[in-house]
Participant: 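After the structure tokens below, expect a handful of questions from me.
In what follows, residues are counted from 1 in the order of the sequence shown.
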Amino acid sequence: MKQLTFILSFLLFTSFLYAQEGKKIDYTADRTRVDQENYPDAFILSKVQNQVYFIHEGIQVWCDRAIFYQTDDFFRAFGNVRMKQGDTVNMTSKYAEYNGETQFAFASDDVVLTTPSNKLTTDSLFFNRVKQEAFYRSGGKVQDSASTITSVKGRYFMNQEKISFRQNVKVRNPEYDIDSDYLDFYSEQGHAYLYGPSTITSETSVVYCERGFYDTRNDNGFFVKNSKIDYENRKLEGDSIFFDRPSGFASASNNIKVTDTINQSVITGHYAEVFRMKDSLFITENPLASMKQENDSVFIASDTLMVTGKVDQRQIRAFYDARIYKSDLSGKSDSIHSSERTGITKLIGDPVLWSGESQITGDTIFLISNTETEELDSLKVFYNAFMIKKDSIEGFNQIKGKELYGLLKNNEIYEVDVLKNTESLFYLRDETTDLMGINKSLSARIKILLEDQEITDLYYYTNVDSNTYPSSEFPENEKKLKGFNWRGEERLISKSDLFKGRDSLELPIIQGLKDPEIYDDFFEGMRDLNLNSTLKESNLKSTKKEVKLKENKNKKPKTPQLLKKLKAIPPSDEE
């Protein structure tokens with residue numbers, strides 16, 4: 001009895017040494033037999049009460065039955081297969097094989113690989129224990145605490161908690177979807193790096209980029225190549241875009257463009273912030289707003305632009321050196337406020353307006369558009385209204401008063417009414433443009449009719465005091481009415497003048513994202529496969545034969561021939 005106890009203890013100790021040395025696979029099984037005809041040089045191991053058990057270099061494997069080639073240090077496992085590596089990696093499948101010499105494992109049929117941070121399911125999985133990398137190429141799904149990711153191919157770098165997904169990559173989250181062709185995912189942090197055409201779609205927005213980063217846990221990210229965000233009624237584009245989906249906030253830098261898809265307005269600049277929930281937009285660095293009106297467009301530029309309000313109630317606020325340009329109409333002021341609902345554009349703070357050759361100034365100028373046709377039809381000048389136009393040869397024709405009202409058609413003024421304490425000074429010429437004299441008048445009101453920017457009729461009302469003097473008798477110091485201020489050098493002749501005289505911008509360099517890593521072939525450098533393996537080395541290294549899943553909602557994907565071979569298992573012990 002003592003001798004038997006000694007023998008058993010010795011055998012257990014020897015088995016323990018094998019496991020510790022890591023040179024050979026150790027095993028235990030309820031039933032062991034050999035079948036030289038069908039499985040030469042192999043042990044056929046079976047479960048009776050306890051599963052077959054293997055251990056090697058820190059990996060443990062359980063299964064219902066196995067074929068163990070002890071000389072080759074290789075086994076094939078069947079039925080309820082479970083692999084465990086340490087306390088972090090568990091894998092289950094219906095079939096698996098393991099090579100102790102190369103520490104290379106393969107599993108197929110309902111493969112599930114779980115780690116503390118995610119769960120991977122696939123039809124077939126390759127596992128290189130030396131590199132601590134797993135690989136699938138026939139379709140796989142990874143689930144973490146926030147999202148589910150599927151792709152045709154995937155490579156799991158366990159030491160980095162990183163998975164590289166390739167081909168038809170889909171991230172599905174209750175709040176958003178990500179579609180890409182190339183995505184690197186760090187499962188511990190939930191960080192996703194997007195390469196190639198990619199979209200992030202939610203109920204309120206669609207993000208597109210060709211290179212970007214997304215934090216799937218906090219639901220925000222940044223995008224640095226051909227990036228754009230489509231909201232319900234706005235589209236934001238820029239060289240670099242930051243986006244926080246829960247708050248609806250986005251910011252963009254360098255060559256930004258914001259398009260109002262409903263109102264057909266476009267704002268450009270080099271820095272922008274969008275607050276979707278507040279329906280507001282903030283733009284700096286040479287911002288320029290373009291608003292379509294009939295067959296024309298109005299342009300507004302300034303140091304800073306703000307757009308607020310819902311659709312049909314948009315308000316634009318341009319401040320600090322604000323400028324406005326429309327065909328044959330332009331202006332400047334400290335700030336410009338434009339309301340889509342009222343159709344009123346206000347020039348506030350030292351405003352000046354040019355209509356054709358005529359200059360109009362005052363304390364505040366209103367440009368009023370028809371809210372239905374969006375066509376500019378009138379203007380109002382409040383306090384210290386002053387209208388000036390150069391005479392054809394010398395001097396200036398001038399009208400001033402407390403208020404001025406003008407009617408416009410095709411961006412040209414055709415009628416002007418000046419009210420309260422009005423004064424005028426005109427150079428009177430005959431048909432040959434010879435100067436007949438200078439007229440100076442005082443009245444309570446002046447009405448002017450114009451055609452092709454030339455005065456055709458002039459009317460004075462109430463308490464009129466009008467005199468015409470020969471030019472030689474008119475004092476030089478009275479040729480300019482009090483408050484005269486000609487600002488013709490500031491006039492905007494073309495759209496490019498919206499930025500004339502402004503400091504040149506030096507755009508910041510976008511750091512961007514590093515190029516994606518280029519990995520060696522997963523099977524590169526593998527030793528020859530075991531002769532008893534279901535795998536063939538030629539198949540593993542032939543990328544042309546890699547399986548591509550075909551999506552079809554009505555039909556299940558066909559099982560590729562390679563997978564059929566991989567799924568093939570030998571007969572059971574009972575057979």
Side-chain angles (χ1 to χ4, degrees), residues 300 302 317-326 329-339 342 344-369 376-391 395-408 412-427 438-450 453 455 458-467 474-492:
I300 296 177
S302 63
R317 295 177 177 89
F319 41 93
Y320 308 123
D321 192 13
R323 308 176 187 185
I324 186 169
Y325 177 82
K326 199 176 193 292
L329 184 75
S330 62
K332 296 176 64 176
S333 61
D334 290 339
S335 63
I336 296 175
H337 295 182
S338 181
S339 170
T342 63
I344 297 175
T345 299
K346 304 176 184 178
L347 281 68
I348 304 170
D350 196 25
V352 57
L353 187 72
W354 294 275
S355 175
E357 300 295 326
S358 298
Q359 172 187 292
I360 300 171
T361 57
D363 289 356
T364 303
I365 298 177
F366 283 12
L367 295 173
I368 305 169
S369 298
L376 185 63
D377 59 18
S378 60
L379 65 88
K380 295 181 181 179
V381 182
F382 300 97
Y383 306 108
N384 301 312
F386 212 123
M387 186 172 181
I388 305 172
K389 183 180 180 182
K390 271 189 175 183
D391 178 59
F396 297 88
N397 296 310
Q398 306 159 53
I399 302 173
K400 63 175 292 189
K402 189 175 181 180
E403 297 176 358
L404 182 150
Y405 298 89
L407 299 178
L408 294 90
E412 291 186 5
I413 299 175
Y414 67 87
E415 181 178 324
V416 174
D417 282 277
V418 184
L419 309 178
K420 301 177 183 178
N421 303 324
T422 66
E423 296 181 54
S424 67
L425 187 150
F426 286 99
Y427 287 74
I438 299 175
N439 177 269
K440 186 173 184 180
S441 302
L442 301 174
S443 65
R445 175 190 170 198
I446 301 174
K447 180 177 181 178
I448 307 167
L449 300 180
L450 303 95
Q453 301 182 13
I455 296 175
L458 190 61
Y459 302 93
Y460 295 89
Y461 301 90
T462 313
N463 301 325
V464 179
D465 181 6
S466 178
N467 292 291
F474 198 87
E476 190 66 31
N477 60 358
E478 292 188 19
K479 289 184 177 180
K480 295 179 180 178
L481 300 179
K482 187 178 179 179
F484 177 92
N485 181 18
W486 177 247
R487 300 169 62 180
E489 71 282 355
E490 300 178 48
R491 181 184 172 193
L492 283 67

Participant: Grab the two heavy atoms, one from Val381 and one from Gly362, that are nearest each other, plus how far apart they are.
Facilitator: CG1-CA, 3.7 Å
Participant: Output yes when Asp350 and Arg487 qualify as a salt bridge under the 4.0 Å nitrogen-oxygen rule, no when they do not.
Facilitator: yes
Participant: Would you say Tyr320 has more than 12 foreign heavy atoms packed within less than 6.0 Å of its OH?
Facilitator: no
Participant: Does a side chain donor of either Ser466 or Asn439 reach within less than 3.5 Å of an acceptor in the other side chain?
Facilitator: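 Present: a donor and an acceptor within the cut-off.
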Participant: So which heavy atom on Leu404 is nearest to which on Ala385, and how close?
Facilitator: CB-CB, 3.6 Å
Participant: Is there a donor-acceptor pair closer than 3.5 Å between any side-chain N or O of Ser330 and the backbone N or O of Leu492?
Facilitator: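 Yes; judged by distance alone, with no hydrogens or angles, the pair exists.
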Participant: Does atom OH of Tyr383 have more than 12 heavy-atom neighbours from other groups under 6.0 Å away?
Facilitator: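 No - once you tally the heavy atoms of other residues, nucleotides and ligands closer than 6.0 Å, there are 12 at most.
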Participant: Which atoms form the tightest heavy-atom contact between Lys479 and Ile438, and what is the distance?
Facilitator: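 In terms of heavy atoms, the two residues are closest at CE-CD1, 4.1 Å.
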Participant: Would you sort out whether Arg491 and Glu357 count as a salt bridge (charged side-chain N to carboxylate O under 4.0 Å, His left out), showing the intermediate values?
Facilitator: CA-CA 10 Å; Arg491 181 184 172 193; Glu357 300 295 326; 3.4 Å; yes
Participant: Met387 vs Gln359, test: side chain to side chain contact (heavy atoms under 4.5 Å, CB included). Steps then yes/no.
Facilitator: CA-CA 6 Å; Met387 186 172 181; Gln359 172 187 292; over 6 Å; no
Participant: Name all pairs fulfilling the salt bridge (charged side-chain N to carboxylate O under 4.0 Å, His left out) condition that reach into residues 376-387, sequence neighbours left out, sorted by first residue then second.
Facilitator: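 As it turns out, there is no salt bridge (charged side-chain N to carboxylate O under 4.0 Å, His left out) pair with a partner in residues 376-387 once direct neighbours are skipped.
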Participant: On a heavy-atom basis, which atom in Leu376 and which in Ile368 lie closest, and how many Å separate them?
Facilitator: CD1-O, 3.4 Å
Participant: Counting distance only, does the side-chain N/O of Glu412 pair as donor-acceptor with the main-chain N or O of Leu450 below 3.5 Å?
Facilitator: no
Participant: Output a table of donor-acceptor pairs, distance under 3.5 Å, between side-chain atoms of residues 416-423 and any protein atom two or more places apart or on a different chain; print 'none' if there are none.
Facilitator:
residue	atom	partner	partner atom	Å
Asp417	OD1	Arg445	NE	3.3
Asp417	OD1	Arg445	NH2	2.8
Thr422	OG1	Ser443	O	2.8
Thr422	OG1	Ser443	OG	2.8

Participant: Report yes if the side chains of Ile448 and Ile399 come closer than 4.5 Å at any heavy-atom pair, otherwise no.
Facilitator: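 A side-chain contact exists here, since the closest heavy-atom pair is under 4.5 Å.
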Participant: Within the side chain of Gln398, is there an N or O that forms a donor-acceptor pair under 3.5 Å with the backbone of Ile388?
Facilitator: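 Looks like no, no N/O pair under 3.5 Å.
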Participant: Can you name the closest pair of heavy atoms from Ala318 and Ile300 and give their distance?
Facilitator: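 In terms of heavy atoms, the two residues are closest at CB-CG2, 3.7 Å.
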Participant: I'd like to know whether NZ of Lys480 has more than 12 heavy-atom contacts from other residues, nucleotides or ligands below 6.0 angstrom.
Facilitator: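 No, the 6.0 Å shell around NZ holds no more than 12 heavy atoms from other groups.
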Participant: Is the distance between the ring centroids of Tyr427 and Phe396 under 6.0 Å?
Facilitator: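 Between Tyr427 and Phe396, which both carry aromatic rings, the centre distance is not below 6.0 Å.
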Participant: Could you check whether any side-chain N or O of Glu478 sits under 3.5 Å from a backbone N or O of Lys440, counting only pairs where one atom can act as donor and the other as acceptor?
Facilitator: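 No, Glu478 side chain to Lys440 backbone: no donor-acceptor pair under 3.5 Å.
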Participant: Please identify each residue that fulfils side chain to side chain contact (heavy atoms under 4.5 Å, CB included) with Asn467, with sequence neighbours left out.
Facilitator: Asp465, Tyr469
Participant: Within a reach of under 6.0 Å around NZ of Lys346, are more than 12 heavy atoms found that belong to other residues, nucleotides or ligands?
Facilitator: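 Not more than 12 within 6.0 Å, no.
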